[in-house]
Amino acid sequence: MQENEKWPKAYDSSQVEKDIYKHWEESGYFNPDTLPERNRGGEMYSIMMPPPNVTGVLHLGHAMEDTIMDIAVRFQRMRGKKALLLPGTDHAAIATQSKVEKLLMKEGVKYPREELGREKLVEKIREFAENSKSTILSQIRVMGTSCDWSRLAYTLDEARNRAVNELFVRMYKDGLIYRGYRVVNWSIKGQITCSDDEIVYIERPAKLYTFKYSKDFPITIATTRPETKLGDTAVAVHPDDERYKKYVGQTFTVDIGAAKPLLIKIIADESVEKDFGTGALGVTPAHSAVDFTMYEKQKAKNDPIGIVPVIGTDGRMTEAAGKDYVGLTVEEAREKFVSWLKTRGLLESEEDITQNVGTSDRYEDVVESLPMTQWWLDMNREIPGRGKSLRDLMREAVTTGLDGSAEKKIRIMPERIVKEYLDRIDNLRDWCLSRQLWWGHRIPVWYKKQPAVTNDESSEKEMYVGAVAPEGEGWEQDPDTLDTWFSSGSWTFSTLGWPEITEDLKRYQPTSWMQMGYELRYLWMMRMILMHTYVLEEIPFKDCYIHGLLKDEHGKKFSKSSGNGIDPIEVVERYGCDALRLSLILGISPGNDSKFYLEKVEANRNLVNKIWNISRFIVSSTQDTDSASRVEAKTLADKWLLARLAEIESRVTEMLESYQFSQAGEMLRDFTWSDLADWYLEIAKIEKGKEAILRHILETVLKLWHPFMPFVTEYIWGLMGNKDLIVAEWPKDDVLRTEYRETAEFETVRNLVTDIRRLRAEQGVEPAKFIEAGVAASGDDQQRLEENVEVIKHLARLSEMKLVATVPEGWATTISGVITVGINVAGTVDKEKEKAKAEKEIAELKPYITSLQAKLQNEEFTSKAPEKVVQGMKDKLAEAEAKLKALEDTST
RNA sequence: GGACGUUUAGCUCAGUUGGUUAGAGCGUUCGAUUCACAUUCGAAAGGUCGCAGGUUCGAAUCCUGCAACGUCCACCA
């Protein structure tokens, strides 16, 4: 074929991708409202894009998510659905604010909050966020993502802010959100509260100290945090513990150096393990979540114990800790208190242990447990009128279905995640919603007097909950903002216009599908389920696919600190978007991590180019074809290929329906490269008159590939004179599927060609040389080969192929299935090689035959195994025996 | 302390409800360049399916135990 401008030898993605994306965007097909008639009347299909954080740029993980979502939505669009992929970004409260603060500090603003003040700092963050947002949005376009830009959402925009406020107020009115003095996770470094989900547990060595408060105190206790003991108010023992039963209810006064002598009450609590340590637990309600629950239990029992905070928000000991300790860090205080115990002879032992401590996922410091007044979401309280709690809703949504309705059940993939999720639900504590941050949704609560961040139980002033301040003077809004996951949690409906009951809301939720990385399954998936089921009494999505992490070739996480980051945009520039997309989805299995490296992209670039050249060949050789001509299989090869195509069509469809992208893509690749390019197109050069079939095949293949590699397929589609592959009809049941089913017959021909090629290579026949061949076959095989003599001759480079009774003496021979084939090597046959080959095959075949025979003689097998299996084995045995006989004939 | 995942060719991974000679891509070796594509084509080598037991006529696949790696949960005071 002539080189020409339209069809260069190699596909150049950089020349076409931008224009094609622009064309798609202008076509309106990304927006379900402006899709062709067929789609607008179709079933709805919706995906909400997990909003990337506006903290920087798109990374490979985003690129992978964009790819799988885009494959899903393109597939559904081609099938005629009213398909929506709704894009958006996340303001990412703490991530963004801390990032900007760090940048400012680098620029010399040492204390950004103090120096700039709330308004100015928020303005700086907004600037940064807007910048980052526009970068990210343009990168989503580069990935070819077919999302509806007219519905673009941002977690901190006007509409989403309205939704968040409304949600907060509604939950408050339902009694689910409350203000409470409770123990929080406090990051000293970040000066901020963390939810349980933002805690990362790490193991570290620690010392377990066993001691008594005083010489005459009857119970010995153990702790890894001696300094907190300055705030102890009780000792808890198991109610059945004979050793301590007699003390329960008594109160002891001990002086261990705190500001005031401690009043220690002995209480009984089921959760204390008799066999752990001394079987008694010093209770510090102010500095341990567990102890705090005991404090609450005692309060409920009307047998209260005290609560004494001895650590402040600055991580230093408070005045309550006593004059010897005030102002010290916890480490200093610990050392001091331990030596105090030692000098008094109160320390019984010191033991090295490994301890699990919680750290802040953002600031990476060990979090302190401190009591504070914060806003909380109650997991256990009954929702008015629903007869169940938020926890119940979260459980129902993945088990029985919401309200027991199977229609309202979320299917999570891979399934094992469900178990982990339920585990987590069972252990869920109330969610601390308020954050000491400025970047985010400000808590919609107003006070007459502003409470300071403090760990004293402050007296409440007049309070009003609502988005707008009430009438009158002196109202000040709560200074805190909401946990960023509060707004992300409402993503599946806030994006559709809620709290207004819009057409979009009615139509596109519950959404069809959600995908996310497994690190988000609690932080985000759980919250979406919680909020959606609460607000709309519906599930947020029908299917949820949890994918693994992308790692580098050594299995390491991509991260800035290890410097192994790969910029997806650079990869697109170098190899093309289609190649990158394939590399992100092929060879992965759901829920497992996968590795990414450039060799993979290269291989997939080659695949894209292969498709380009297949098209180039087919288009050039079918230029004058009447596109209306009927697709009809005339030869064995035609029947075979059309049967394969029909099979691929239905299997790829099935796989995409069940979100098995990797498998679908691999199947298509194998078909395209091997069956179509290497075999059928080669045959098409020999057997003429395939124009209509070739066109049909190419168009079908382009359609099947389009969701995976949208750019090159759309481009070729255009070069073929067609319009808008993006909305072309997905291949489905057609005449081919029922007409052509048989693929096995062609395998005889294919195997014969391969075996002759191997024989030539073994015998050292020059590759270009045409030689004579003789083929001894019988029955159906004989006829099949006769019909395909020309094909075989060309593909195996034969000058002549005769069907013979026996292969002439002196020719090199091999066995292909049950066919004996010989080639005339003009007396130069390498007997040694031939014999070695035959012997090797015989050696493999004999034990195989023996084992088959043994199986077939085994009555247990023949009576128990299904008839199909037994028959299959008999056939195999017959074939193997025939082959063995032929081999033995040739090797003697 | 519980739970989960992974372990298959040198590398990356497939392997559907157990069915009998375990597959692909990359890499390796040998060979090929006029006529779609060297971003290509042909051929080959390469695996005791982590280990040990068990169930079964039959196990990479099911069960039990163990090991290595990874992950999650828990009020390990």
Side-chain angles (χ1 to χ4, degrees), chain A residues 1 7 9-11 201 208 221-225 236 269 271-273 276-284 288-294 353-356 414 416-417 419-420 423-424 426-427 429 518-519 521-522 548 553 555 575 579 586-589 591-597 599-600 602-621 660 662-663 666-667 669-670 673-674 677-678 681-682 685 753-754 757-762 764 766-768 795 797 844-845 847-848 851-852 855 858-866 868-870 872-873 876 880:
Chain A
M1 176 176 156
W7 291 98
K9 282 175 109 163
Y11 169 68
Y201 288 93
L208 181 66
I221 57 167
T223 183
T224 52
R225 296 288 308 272
D269 196 292
S271 65
V272 178
E273 276 179 52
F276 192 93
T278 63
L281 162 65
V283 181
T284 325
S288 153
V290 186
D291 296 4
F292 185 80
T293 57
M294 288 186 194
I353 58 159
T354 336
Q355 183 193 30
N356 236 356
R416 64 186 154 87
I417 303 285
K419 221 186 126 159
E420 289 177 24
D423 241 34
R424 181 70 176 220
D426 287 339
N427 292 307
R429 282 180 289 204
Y518 66 61
E519 74 280 9
R521 64 199 187 278
Y522 303 136
E553 58 193 312
Y575 296 99
L586 295 182
I588 64 164
S589 52
N592 291 336
D593 295 348
S594 55
K595 295 180 184 175
F596 182 91
Y597 37 90
E599 287 83 347
K600 229 170 162 173
E602 215 167 284
N604 288 311
R605 191 260 328 259
N606 297 353
L607 173 58
V608 170
N609 192 58
K610 190 74 188 177
I611 286 166
W612 170 258
N613 271 293
I614 287 169
S615 309
R616 188 169 176 250
F617 173 69
I618 291 180
V619 169
S620 73
S621 57
Q660 293 172 270
S662 184
Q663 287 210 52
E666 283 168 40
M667 181 168 290
R669 179 192 60 200
D670 294 345
W673 205 311
S674 167
D678 292 345
L681 292 189
E682 290 307 317
K685 292 175 187 171
V753 170
T754 301
R757 283 170 176 170
R758 197 191 55 238
L759 185 59
R760 291 176 59 122
E762 277 164 12
E766 285 167 53
L795 296 181
R797 289 187 93 80
E844 280 169 4
L845 215 47
Y848 177 52
S851 83
L852 286 179
K855 289 273 158 67
N858 183 340
E859 260 179 54
E860 288 221 70
F861 170 67
T862 48
S863 61
K864 285 183 185 168
K868 224 175 80 188
V869 174
V870 176
M873 198 170 292
K876 277 183 181 169

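So you know, we letter chains A, B, ... as the sequences are listed, proteins then strands, and number each from 1. What you are looking at is a predicted structure, and each value in this text was computed from that prediction instead of being measured.
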Donor-acceptor pair present, A:Glu682 side chain and B:rA36 base, under 3.5 Å: yes
Exercise: identify the closest heavy-atom pair between A:Asp269 and A:Met294: OD2-CG, 3.5 Å
Sugar-phosphate, base or nothing in reach of A:Lys876, heavy atoms under 4.0 Å: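 Sugar-phosphate, no base atom in range.
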Touch class at under 4.0 angstrom, heavy-atom based, for A:Val283 against every strand present: nothing
Same-atom distance (C1') from B:rU34 to B:rU29, integer angstrom: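 Result for the C1' pair: 28 Å, nearest Å.
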Touch class at under 4.0 angstrom, heavy-atom based, for A:Pro847 against every strand present: nothing
Between N or O atoms, less than 3.5 Å apart, protein on one side and nucleotides 39-43 of chain B on the other: list the pairs.
| from | atom 1 | to | atom 2 | distance (Å) |
| --- | --- | --- | --- | --- |
| B:rU39 | O4' | A:Asn606 | OD1 | 3.1 |
| B:rU39 | O2' | A:Asn609 | ND2 | 2.9 |
| B:rU39 | O2 | A:Arg605 | NE | 3.2 |
| B:rU40 | OP1 | A:Asn606 | ND2 | 3.4 |
| B:rU40 | O3' | A:Lys610 | NZ | 3.1 |
| B:rC41 | OP1 | A:Lys610 | NZ | 2.9 |
| B:rC41 | OP1 | A:Trp673 | NE1 | 2.4 |
| B:rC41 | OP1 | A:Asp678 | OD1 | 3.3 |
| B:rG42 | O3' | A:Arg757 | NH1 | 3.2 |

A:Tyr522 six-ring face occupied by A:Arg424 cation (under 6.0 Å, within 45°):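 Cation-pi check for A:Arg424 and A:Tyr522: passes.
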5' priority, RNA chain B, between A:Leu208 and A:Arg521 [closest heavy atom]: A:Arg521
Distance test, side-chain N/O of A:Gln663 to OP1/OP2 of B:rA24, below 4.0 Å: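 For B:rA24, OP1/OP2 do not have a side-chain N/O of A:Gln663 under 4.0 Å.
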Touch class at under 4.0 angstrom, heavy-atom based, for A:Met294 against every strand present: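 No contact at all - A:Met294 keeps every heavy atom at 4.0 Å or more from the nucleic acid.
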Touch class at under 4.0 angstrom, heavy-atom based, for A:Ala768 against every strand present: nothing
Span that lies between the P atom of B:rU40 and that of B:rG25, in whole angstrom: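 B:rG25 and B:rU40 have their P atoms separated by 12 Å.
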Touch class at under 4.0 angstrom, heavy-atom based, for A:Asn592 against every strand present: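 Sugar-phosphate, backbone atoms only, no base.
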Side-chain donor/acceptor of A:Lys9 to base of B:rA38, under 3.5 Å: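 For A:Lys9, whose side chain was compared with the base of B:rA38, there is no donor-acceptor pair (under 3.5 Å).
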A:Lys595 (side chain) and B:rU12 (base): donor-acceptor pair under 3.5 Å: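 Side chain to base: no pair below 3.5 Å.
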Intra- and inter-strand pairs of RNA chain B in dot-bracket (Watson-Crick or G-U wobble, both distances under 3.5 Å; | for another strand): (((((((..((((.....[...)))).(((((.......))))).....(((((..]....))))))))))))....
B:rG54 versus B:rA59 - spacing of their C1' atoms, nearest Å: 11 Å
Rounded C1' spacing from B:rC13 to B:rG47 in Å: 14 Å
Pairwise P distance for B:rC57 and B:rC76, with rounding to whole Å: 49 Å
C1' atoms of B:rG58 and B:rG19, separation to the nearest Å: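 These two C1' atoms come out 7 Å apart once rounded.
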Shortest side-chain distance from A:Lys419, nucleotide among B:rA77, B:rC4, B:rA24: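 When the side chain of A:Lys419 is considered, B:rC4 is the closest of B:rA77, B:rC4, B:rA24.
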Span that lies between the C1' atom of B:rU48 and that of B:rA24, in whole angstrom: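 The answer is 22 Å between these two C1' atoms.
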Touch class at under 4.0 angstrom, heavy-atom based, for A:Arg760 against every strand present: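 The answer is nothing, as A:Arg760 stays clear of every strand by at least 4.0 Å.
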Touch class at under 4.0 angstrom, heavy-atom based, for A:Tyr522 against every strand present: sugar-phosphate
Sugar-phosphate only, base, or nothing, as touched by A:Ser271 at under 4.0 Å among non-hydrogen atoms: base
Touch class at under 4.0 angstrom, heavy-atom based, for A:Thr224 against every strand present: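 Sugar-phosphate contact only.
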B:rC49 versus B:rU20 - spacing of their C1' atoms, nearest Å: 15 Å
Touch class at under 4.0 angstrom, heavy-atom based, for A:Ala289 against every strand present: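 Since no nucleic acid heavy atom lies under 4.0 Å of A:Ala289, the category is nothing.
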